Structure formats: C-alpha cells, structure tokens
Amino acid sequence: MRTMLTIASAVALMGVAACDSAKENAVENAYDNQADSIENQADMLEERADNMVGAVQSSTENMADAMEERADAVREAGEHAAEKVEDAQ
C-alpha cells in the first residue's frame, strides 16, 4: 500500500510539473510570435531580393537588345556606305 501511495504521489507531482503556468504560456507565446515575425521579415526580404534580381535581369536584357539594335543599324549604315562607294566607281 505504501508503494502504491509513493507511485501515486510521484505521478501527481509529475503531472503538476508538466502543467504550464499562465505566465509560462504567455512567455512562450510571446517568443513564438517574435519568431513568426522574424520569419515573416526574412520571407519579405527574400521576396524583395528576388524581385530586384528579376528587375535587374529585365533591365540588362533590354540594354543588350538596344545595343544589338544599334550594332545592326551601324552595320546597315556601313553596308549602304559601301554600296554608294561601289556605285560611284
């Protein structure tokens, strides 16, 4: 009987120890909320970085296209100049 009482007491103490107090829950919730906030900030920064990379890639592609068009125009101007020289001879 005494062993049974000791076991029952130990189980009761473990049950009480396992219960969180309202203060512990509040602190845990505050830390969880802070962790969630930091996670959201990190996600937003990552999304902004992705958007910036996309914008830079688009801008770079547009600049490359414009340079290719200018190069084509210079080539055409050179071909027309060469034709005029040939026609003049």
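For clarity, every value in this text was computed on a predicted model and none was experimentally measured.
With hydrogens and angles disregarded, no donor-acceptor distance shorter than 3.5 Å links the side chain of Ser37 to the backbone of Asn33. The backbone N or O of Ala55 lies less than 3.5 Å from no partner atom in the side chain of Ser59, so there is not a single donor-acceptor pair.
Scanning for salt bridge (Lys or Arg N to Asp or Glu O under 4.0 Å) contacts around Arg70 gives an empty result, with sequence neighbours left out. With sequence neighbours excluded, no residue satisfies salt bridge (Lys or Arg N to Asp or Glu O under 4.0 Å) with Asp32.
Taking Ile, Leu, Val, Met, Phe, Trp and Tyr as members and joining any whose side-chain heavy atoms lie under 4.5 Å apart, directly or through other members, Leu45 forms no hydrophobic cluster with any other residue.
The distance from the CD atom of Glu28 to the OG atom of Ser21 is 10.5 Å, given to the nearest 0.5 Å.
Residue pairs that meet the side-chain hydrogen bond (donor to acceptor under 3.5 Å, both in side chains) test with at least one member in residues 76-86, sequence neighbours left out, do not exist here. Sorted by first and then second residue, the salt bridge (Lys or Arg N to Asp or Glu O under 4.0 Å) pairs with a member in residues 38-49 form an empty list; sequence neighbours excluded.
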